[in-house]
Amino acid sequence: MSILTDAIMTDLSAVKLDQPISLFGHVSRYDGQIIECDGFPANIGAICEVATDGDAPAMAEVIGFNNGNNLLSIHDYGARILVGARVSLVDDGTQIAVGEGLLGRVTDALGVPLDNSPLPPLNGRWPLMGKELNPLQRKPVDKPLDVGVRIINSILSVGQGQRVGIIAGSGVGKSVLLGMMSRFTDADVVVVGMIGERGREVGSFVNYILGSETRDRATVVAVPADRSPLLRIRGAERATAIAEYFRDQGKNVLLIMDSLTRVAHARREIGLALGEQPTSKGYPPSVVSMIPRLIERSGTGVEGQGSITAIYTVLADGDDANDPVVDTARAILDGHILLSRQQAQMGIYPAIDVTTSVSRVMNDITDADQQAAASRFRRLVSLYMENRDLILMGGYSPGQDPDLDLAVELWPALTKHIQQPEAEKSDFAVSRDALIGLMRNA
């Protein structure tokens with residue numbers, strides 16, 4: 001038996017194949033979104049080509065298995081797929097190409113350039129789902145990151161490696177604030193994930209970012225709202241993987257994810273299609289587990305690595321700050337910035353509500369003078385906003401509350417400190433000194 005086995009192995013080693021062995025199956029069921037085909041070896045996330053009743057094949061991704069068959073979700077809406085169509089494995093989907101050639105470029109969830117130019121050779125490889133880091137070996141967040149926005153630098157200071165959520169409804173200036181931070185930051189690399197946003201907004205944001213001095217240190221992964229939910233999830237994973245690669249190179253990275261809610265919506269679509277039971281607001285359990293896993297990939301690295309300072313936008317549908325995605329993100333993030341519709345209606349931009357926003361690492365990266373000034377600033381803004389209606393109706397008489405009197409007197413100066421034109425940059429040191437000077441004169 002041993003002699004026969006050795007002979008077979010010798011014969012197989014002598015075989016020279018003109019083409020590599022391909023793995024494929026044939027479609028047995030298709031409902032317009034989910035394909036079921038023969039069970040050839042493929043892992044979750046593997047990319048496949050599906051023959052169509054047309055010139056070009058459709059792309060699909062393995063999302064599960066059923067009774068020995070593979071389940072795939074189609075990337076291309078409206079693909080004309082027939083029963084018996086061939087499904088061929090293209091890529092196992094576990095690694096992506098990375099490198100300096102991504103800077104200044106826009107790619108989609110599969111790494112295809114969207115700016116009409118081929119990508120230069122990318123020699124680096126990085127796992128799409130990232131690499132685990134020992135939490136005890138991560139460096140502490142002990143240095144501020146200058147984001148160029150006065151109210152954030154002074155009142156809600158962001159540290160290198162911090163994870164922050166921007167919680168906002170629609171139309172309160174979220175995109176403008178993100179654009180200012182991505183342009184004015186002193187981070188070495190800026191990675192922007194535009195996930196599930198309107199196509200017009202994606203185009204204008206990309207032109208805004210890559211048309212500025214930030215171009216040579218920024219890269220964008222764009223997956224508009226009309227793309228498959230799997231592509232939206234893969235786009236978020238890809239943007240995070242690119243940020244991880246540059247962190248591994250010792251860079252301080254600013255990762256902007258707009259928006260985390262759209263990623264959660266995509267995960268909800270896939271989960272429900274796979275038969276998961278919906279819970280609060282229709283979100284299946286896989287959404288709740290995906291958000292912390294995605295967020296925990298950012299942050300500081302170990303010794304010798306850089307950091308990923310992550311800004312995640314979270315949409316508060318109907319201005320509901322207790323949405324399940326908002327709650328889950330707020331619990332895992334190192335701080336959150338709430339954009340107020342009331343302040344936007346008052347013409348105060350950025351419309352940051354300093355009374356309900358918080359940076360959990362600010363005390364670790366700022367001095368006592370700045371912390372005291374920030375606390376006093378919050379107190380005065382809170383006092384004014386709580387009594388604004390009473391003041392405007394003439395129901396408040398000066399002299400009843402010295403602190404409120406001071407808040408009313410300083411309100412123009414307080415709002416001036418919050419407001420900042422879109423094209424204006426305010427460095428960290430300038431922002432700090434402006435805050436301390438304002439409160440010292442109060």
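Just so you know, these numbers use all the heavy atoms, side chains as well, and skip hydrogens, waters and symmetry mates. This chain uses plain numbering: 1 for the first residue, then up along the sequence.
Side-chain polar atoms of Y396 and D405 form a donor-acceptor pair below 3.5 angstrom. Using a 3.5 Å distance cut-off with no hydrogens or angles, the side chains of S117 and D115 do not pair a donor with an acceptor. Between the side chains of Y312 and S298, at least one donor N or O sits under 3.5 Å from an acceptor N or O. When only modelled atom types and interatomic distance are considered, N207 and S204 share no side-chain donor-acceptor pair under 3.5 Å. Looking only at atom types and distance, the side chain of Q370 has no donor-acceptor partner in the side chain of S154 under 3.5 Å away. Under the 3.5 Å distance criterion, with hydrogens and angles disregarded, no donor-acceptor pair is assigned to the side chains of T300 and S307.
The OG atom of S357 lies 7.0 Å from the CZ atom of R378; values are rounded to the nearest 0.5 Å. Between the CZ atom of R232 and the CE atom of M194 there is a distance of 14.0 Å, given to the nearest 0.5 Å. Atom-to-atom distance recorded for M257:CE and L294:CG is 5.0 Å, nearest 0.5 angstrom. In this structure, K139 NZ and D142 CG are separated by 8.5 Å, a value rounded to the nearest 0.5 Å. Here the straight-line distance linking atom CD of Q33 with atom CD1 of I270 works out to 6.0 Å at 0.5 Å rounding. Separating the CD1 atom in I332 from the OG1 atom in T328 is a distance of 9.5 Å, to the nearest 0.5 Å.
Of the possible donor and acceptor atoms, none in the side chain of D353 sits under 3.5 Å from a partner among the backbone N and O of L338. No side-chain donor-acceptor contact under 3.5 Å links S340 to the backbone of I352. Panel note: side chain H336, backbone T356; a donor-acceptor pair is recorded below 3.5 Å.
Here the closest non-hydrogen pair linking A58 and I74 is CB-CD1, 3.8 Å. Nearest heavy-atom pair, I47 versus H75, reported as atom, atom and distance to 0.1 Å: CD1-CE1, 4.0 Å. Nearest heavy-atom pair across T219 and R105 is OG1-O, 3.4 Å. In this structure, P57 and D76 approach most closely via the heavy-atom pair O-OD2, 4.4 Å. Here the shortest heavy-atom pairing between L72 and C37 reads CD1-SG, 3.6 Å. Between L260 and A329 the shortest heavy-atom distance is CD2-CB, 3.9 Å.
Counting non-hydrogen atoms of other residues, nucleotides and ligands closer than 6.0 Å to NZ of K251 gives a total of 12 or fewer. Around atom CD of E303, no more than 12 heavy atoms belonging to other residues, nucleotides or ligands sit under 6.0 Å away.
Every pair passing salt bridge (charged side-chain N to carboxylate O under 4.0 Å, His left out) that includes a residue from residues 414-434 is listed here, sequence neighbours excluded: R150-E424, D367-R432, K425-D427. Residue pairs satisfying the salt bridge (charged side-chain N to carboxylate O under 4.0 Å, His left out) criterion with at least one member in residues 169-197, sequence neighbours excluded, are listed as follows: K174-D258, R183-E213. Applying the salt bridge (charged side-chain N to carboxylate O under 4.0 Å, His left out) definition to pairs two or more places apart or across chains, those involving residues 152-173 are R163-E296, R163-D334.
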Please determine whether side-chain contact (heavy atoms from CB on, under 4.5 Å) holds for the pair L339 and I167, giving the CA-CA distance in whole Å, both sets of side-chain angles, and the decisive distance to 0.1 Å.
CA-CA 6 Å; L339 300 188; I167 302 172; over 6 Å; no

Test side-chain contact (heavy atoms from CB on, under 4.5 Å) on I233 and V223; report intermediate values, then the result.
CA-CA 9 Å; I233 296 172; V223 188; over 6 Å; no

Could you go through S431 and S426, starting from their C-alpha distance and side-chain angles, then the distance that decides it, and tell me whether this counts as side chain to side chain donor-acceptor pair (under 3.5 Å)?
CA-CA 6 Å; S431 303; S426 180; 2.7 Å; yes

Would you check, one step at a time, whether the test side-chain contact (heavy atoms from CB on, under 4.5 Å) holds for V221 with V192?
CA-CA 6 Å; V221 177; V192 181; over 6 Å; no

Between L404 and I391, is the side-chain contact (heavy atoms from CB on, under 4.5 Å) condition met? List the steps.
CA-CA 10 Å; L404 182 54; I391 294 170; 4.3 Å; yes

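Taking R198 as the reference, E201 meet the salt bridge (Lys or Arg N to Asp or Glu O under 4.0 Å) condition, with sequence neighbours excluded. For F377, the ring-ring contact (aromatic ring centres under 6.0 Å, His included) partners two or more places apart in sequence, or in a different chain, are H417.
The shortest distance between side-chain heavy atoms of Y245 and V189 does not fall below 4.5 Å. With a 4.5 Å cut-off on side-chain heavy atoms, M439 and L380 count as touching. Residues I44 and F65 form a side-chain contact, since some pair of their non-hydrogen atoms from C-beta on lies under 4.5 Å apart. Y349 places none of its side-chain heavy atoms less than 4.5 Å from the side chain of Q420. Taking 4.5 Å as the limit, every side-chain heavy atom of S375 sits out of range of all side-chain heavy atoms of R379. With a 4.5 Å cut-off on side-chain heavy atoms, V354 and I151 count as touching. I166 has its side chain within reach of I311: a pair of non-hydrogen atoms, C-beta onward, lies under 4.5 Å apart. Side-chain atoms of L145 and Q162, non-hydrogen and from C-beta on, never get closer than 4.5 Å to each other.
Look at R293 and E237 and you find a salt bridge, because one of the NZ, NE, NH1 or NH2 atoms lies within 4.0 Å of a carboxylate O, short of that distance.
Shown are V287, V325, V263; of these, the side chain to side chain contact (heavy atoms under 4.5 Å, CB included) with R268 is made only by V287.
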What pairs of donor and acceptor atoms, side-chain ones from residues 120-136 against any protein atom, are under 3.5 angstrom apart with sequence neighbours left out?
unit_1: W126; atom_1: NE1; unit_2: E244; atom_2: OE1; d: 3.2
unit_1: N134; atom_1: OD1; unit_2: L136; atom_2: N; d: 2.9

